[in-house]
Structure formats: structure tokens, C-alpha cells
Amino acid sequence: MNSFNTIWAKGRGDRATWLLWGLAAAFVAYTFATGGYLIAVLQFALIYTVLVTGLNIFMGFTGQVSFGHNAFAAIGGYSSAVLTTTYGWEPLPACLLGLAGALACALVVGYPVLRLRGHYLAMATLAIGLIVYEVAVQWQSVTQGYMGISGIPPIGIGSFTIASDRALLVFLMIVAALAMLSAAGIRRSRLGRAFVAAAGSEDAARALGIDVARYKLTAFMISAAYAAIAGSLFVHAVGFVSPEVFGLPMVVMSFTMLYVGGIGTIAGPALGAIIISVLPESFRTFKDYQDLAYGAALIVILIYAPRGLASLPELSARWRRRSA
Amino acid sequence: MFNLVAQSVLSGIGIGAVYGLIGIGFCVIYNASGIVNFAQGAFVMLGGMLTNAGMTKLGLPLPLAAIGAILIVAISGVVLERIVVRPLWNRGSTMFVMILATLAAQIVVERITQILAGDQPRTLPVFTDLPPLRLFGFAINFQFLWILGCSALVIVLLGLFFSSTRTGKAMRACSINRDAAALQGIPVSRMLALAFALSAALGAFAGILITPTQYTAFNVGVPFAISGFIAAIVGGFGRPLGAFAGGILLGVAQALAIVLLGAAFKNVAALSILLLFLFVRPTGLLGSAK
């Protein structure tokens, strides 16, 4: 796990990395010019970038496991949806309240849950995700159950709303870039080094005076915050929310993105989110095949390329060294 | 009111026995390999769906269709082990990667089933089509008796298998210490495949037993797997008898939650039990307290 974190630093400036970024930039430019449906796909990818970047802080940096981050996305998403439609709030305060709610939940839930390890931790977080899903289905007076809430206004402040597709795309690109930059900042800070130390060996980290339990909780809350923001962005971008949006497939998809891109790297989440959103486009009309493709792709990647695409530079460098 | 509660406790015991069988499936694989197989629900779903397909598509009688389904599911358990688990196992992947891979396998199986069989819920006929027995004012239907009888039989057979046969003893040796077992000449990797076959067959059997009282569809697997997992945790992970007891506790708790609080609280009750045990007593009912 630990060495994953250095991949990005090593790989920077490598030709393969630049090629990938060039391709990504070309794709974004092309989408921006042609518009249409691809813009929606790219918006979706950028929102997932925020979610997966948060997940990466908890799983990649800190080496923990969470199958329940859809819970925090749901808290953020539903707060935005309910407050803006039923109570007529502005999107920004609604989003902030959702964020505060998710942070509070992460604190209360994380304190006992993070004492667990291994499959106990996996199961407890999965249960948290399922409980929130269940609440979204059953609390019909607020969430309208399976019917969902529609007519959620687009993001904006006061009379200035981001209504057009292209404007939203630019806005989401800025948000996703901020998410990645902040993750890079966290990784380089004292906080991030403590996370990585805890991932490497909890005992060793403790011996160095790192309060492992507190840092794990901090990482959990930071990643919950990213998830809540992603949830809010999602409902505002789509204008609709239902429990299905935040179900188990969301968890599996975000893991697929994390592993395709490369867990523990800074660029990995964005790379994975874009690839996983764009590649199965040809399948999109067949919803069943799409989940099938995600699942199968995840298995193949776990088996053959456990470090994902962001580790390609390192792999190619090693290959070159060997052949030289 | 009392009668209603007692009646629902009875039905809870029936469902709980099925959860227990699924939980035992988790334990069998966990003991042989230390792997938690999150694709366990797929076996349960496939058991019911394949039996249904055997009866409707091929016109087989129920017992034949059920046996055929159990065999096919056992084979697919081995396939899962060879294709997904074995490569990761050989590389020494972390526990989390293993969970993720089996969860992905669960989704793949689910979607393939949906594409092949459609998303219509299906069911099986009850095994004995007679009106419920009347005992002390309770109605006891025959499917309940089938579930209890069959799961008791399965547990006795499993107990005999693990205590008296060479293969069963070898599997137990693997669960105690894999390296030592390998040094004794036990083919550890074959035991892993066997554990998957056994666990898959158990899951399929559980799916066939429960389907006549409910229904089955491509997406019933995950809820069953979660219930089975909770049963295994409550029983202290890796203890088959504990898992069975945990399953019955879970089934009864769910039934009581439905009667006393409403149907919406069924899953809330199950997940609360899970969290309670994880936080307060992670070693389970039978485990020694930390």
C-alpha cells in the first residue's frame, strides 16, 4: 500500500503520463466544442472525481476500507434536494448544511466503527450505507421514498445560476481540480504523512507518536466531506434524486474508478472516473450490460493490474530498465 | 396479540434457519482460507432460479431440479474459486481486495442472470401441498417443517463430514494452520476449491428451501448474503453452529420487529443487530469476551 503513494511523484514528467493527460485534455476540448450528450457524461465523471478523490484519502492514503461512502453522498444529496425544493433554500447554504450533517454523522459513526479492522470494518461500513439507503426509502414524508424528488434547481448564488451545460461543465472542472489540488495538499502536509504512516504500520506510527485513532477518524471525516459535496453536486446537476442513485452500484462503481485510475495516487481518481464514465458509453443504452461491464472490469483489474493505470509510468520505467 | 407474536416468532425461526445455512457457507470458506466470500448471495439466488428453470424449462420434477441446481451451483462455486479467487490468492492479495473481487463477481452473476432470465420474480411450489398443521392453536405449514428438518439434517451431515471423514478432517486441519497442513501432505489448494463447492451447495440449498415461502429474482442475493453474514458474525465468525444460532436469533428479531414496529423496520433491526455485535461483542455469541 505504502509504495503506491510515491508512484505519482516518480511518474511525474514521464511520457506516458503526459500522453494520458494530453488525451484527457483533448477529450475535454472535443466535448466542449461538440456539446450534447457527452457533456452530461463528462459532468458525471467530474462529480465522481470528487467522490473518488475523497474515498482515496481514506482508502489509498490511510489504508482503511469503506463500503459505506454512499451514505455521506446521500446525506449531502438529500439535504440539497429537500432544502431547495421543499423549503426553498438557496443551493449553497443547503449544500453547506448537508456537508455539516455528513461531517457530524461521520464523527458519530466513525468513532466506534474505526476501531474495527478487516472484514468487520468492511461490513460495518457497508451496513451504514445500507441503513442510510433504507432511511431514504422509508422516510417518505421527507424523501418521497422510491418516487424521489424532482425539480431540484441548478447550482448558483442568488440570481446567478449555472444553467447551461457548458457553464456547469466548467464549474465542475474547477471543483474537481480543487478537490484534486486539496488532496495533493493534504498528502504533502503533516496530516497526509501521518495518514500514510498509519497505512504502513499502525504500530510503527504509534511508536512515532502518531495518534492513529484520531488520524483515521480525521481521514474518514475528510473523505465523508468530499462524498457529501459530490452528492450535492450530483442532485443539482441532474435535478432529480431517488434512493437508487446512492445504492450499492454507486459503491462498486467508485471502487472500479479508484482501482482503474490507481489507488493512492493523486491523478488516479480523475483518470479512473473519466475512463469508467466514458468507455462503457456504448453500453449505456443497456443498463444491465453496463453493471456487468463494471463488475467484470473490476475483477480483471484487481487480478492483472492491481495498481491501476496511474502506475503505468512506473511499470513502463521498470520494463525499460529491465530491457536496457 | 400474544398469538400473533408467537406465530411470527415461529416463522422467524424458519427464515432464521435459512440465514443460518447461508452463514455456515461463509464459515466453511472462511475456515478453509481466511477469505470472506461476498458472492455467497449469488449461490442462494442461483439455487432458487436454477430449480425454477429446471422445472419450467425442462419439465423436471422438483427433487430432480433441486439436485441438479445444487450440483450446478457447486460447480460454479469452483469456477468462481478458479477464475477470481485463485489468482488473487496466489499473489497474496489483501483481504479487502478479495472482498471487492467477490463483491464484483456477485454483481456479474446477478446481471448475467438478469439478462438470461429477465427481471420477473419467480417462485417454486411448496414441497408438500397440504393445509397447515394445527398445533396448540398455531398454524404450522409444511414448508416450515421442511426448512427445519432439512437444515437440521444438513448440520448433522456437516458435523459428521468434518469429524469423521478424511477430507473433512483435512479441511479442519487447513483451518487450524494452513502451512502445517501442507507439510502433512494435505493438498491445501484443493481444499480451498472444495470449500467453495461445499459453501456454494449450502447456499443453493438454502435458496431452494426459502423460495417457496417468498419468491426469487436476480437481485435477492445481496440481502440474503448480508443476513447470512450477520448470522455468522453473531455466532462468532468461523463457528458453523454459532452461525446457525445467530441466523435463528436474527430471523426471530426481524419477525418481532415486523410485528411490533412495522415492516419498514425489518432491515433496520437486522443492521442494528450487526452493529451492536460488531461494537459490543465482535467475538460473537459463543466467543470468549475480550
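Note on naming: letters A, B, ... go to the chains in the order of the sequence lines (proteins, then strands), and numbering restarts at 1 for each one.
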Please flag which part of [X] lies under 4.5 Å from any non-hydrogen atom of chain A: side chain, backbone, both or neither.
X: B:Leu103; value: side chain
X: B:Tyr30; value: side chain
X: B:Val36; value: side chain

Restricting to non-hydrogen atoms, name the atom on [X] and the atom on [Y] that form the minimum distance, rounded to 0.1 Å.
X: A:Ser223; Y: A:Gly54; answer: CB-O, 2.8 Å
X: A:Ile131; Y: B:Leu271; answer: CG1-CD1, 3.3 Å
X: A:Leu302; Y: B:Leu88; answer: O-CD2, 3.5 Å
X: A:Gly295; Y: B:Val108; answer: C-CG2, 3.6 Å
X: A:Ala183; Y: A:Tyr226; answer: N-OH, 3.6 Å

query: Can you tell which of A:Val137, A:Leu126, A:Val113, A:Val300 has the highest number of heavy-atom pairs within less than 4.5 Å of chain B?
result: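 That would be A:Val113.
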- request: Indicate the ring-plane relationship of B:Phe38 and A:Phe67, choosing parallel, tilted or perpendicular according to the 30° and 60° boundaries.
  value: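 Judged by the thresholds at 30° and 60°, the geometry between B:Phe38 and A:Phe67 is parallel.
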- request: Go through B:Ile226, B:Val268, B:Val109 and name the one with the most non-hydrogen pairs under 4.5 angstrom from chain A.
  value: B:Ile226
message: Counting heavy-atom pairs under 4.5 Å with chain A, which one of B:Leu275, B:Leu100, B:Val97, B:Leu274 comes out on top?
response: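 Among the listed options, the one with the most contacts to chain A is B:Leu100.
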- prompt: Any residues in residues 78-85 of chain B near chain A, with a heavy-atom distance under 4.5 Å, and which are they?
  reply: B:Ile83, B:Val84
field: Reference residue A:Phe220; test ring pair (Phe, Tyr, Trp, His ring centres under 6.0 Å); the match among A:Phe195, A:Phe61, A:Phe72, A:Tyr111
entry: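 For A:Phe220, the ring pair (Phe, Tyr, Trp, His ring centres under 6.0 Å) test succeeds with only one of A:Phe195, A:Phe61, A:Phe72, A:Tyr111, which is A:Phe72.
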Which answer fits [X], side chain, backbone, both or neither, if we ask what part of it has an atom under 4.5 Å from a heavy atom of chain B?
X: A:Leu130; answer: both
X: A:Ile301; answer: neither
X: A:Val135; answer: neither
X: A:Tyr120; answer: both
X: A:Ala122; answer: side chain
X: A:Leu298; answer: side chain

field: Under 3.5 Å side-chain donor-acceptor pair for A:Ser254 and A:His69
entry: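 Judged by distance alone, the side chains do not pair up.
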message: Between B:Glu110 and B:Gln114, do the side chains contain a donor N or O and an acceptor N or O under 3.5 Å apart?
response: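 No pair is found: no donor N or O on one side chain lies under 3.5 Å from an acceptor on the other.
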message: Could you tell me if the side chain of B:Met98 sits less than 4.5 Å from the side chain of B:Trp89, heavy atoms only?
response: yes
message: Would you say that more than 12 heavy atoms from the other residues, nucleotides or ligands in this model lie under 6.0 Å from the CZ of B:Arg91, or not?
response: yes
Under 3.5 Å: donor-acceptor pair, side chain of B:Asn52, backbone of B:Thr123: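 Between the backbone of B:Thr123 and the side chain of B:Asn52 there is a qualifying donor-acceptor contact (under 3.5 Å).
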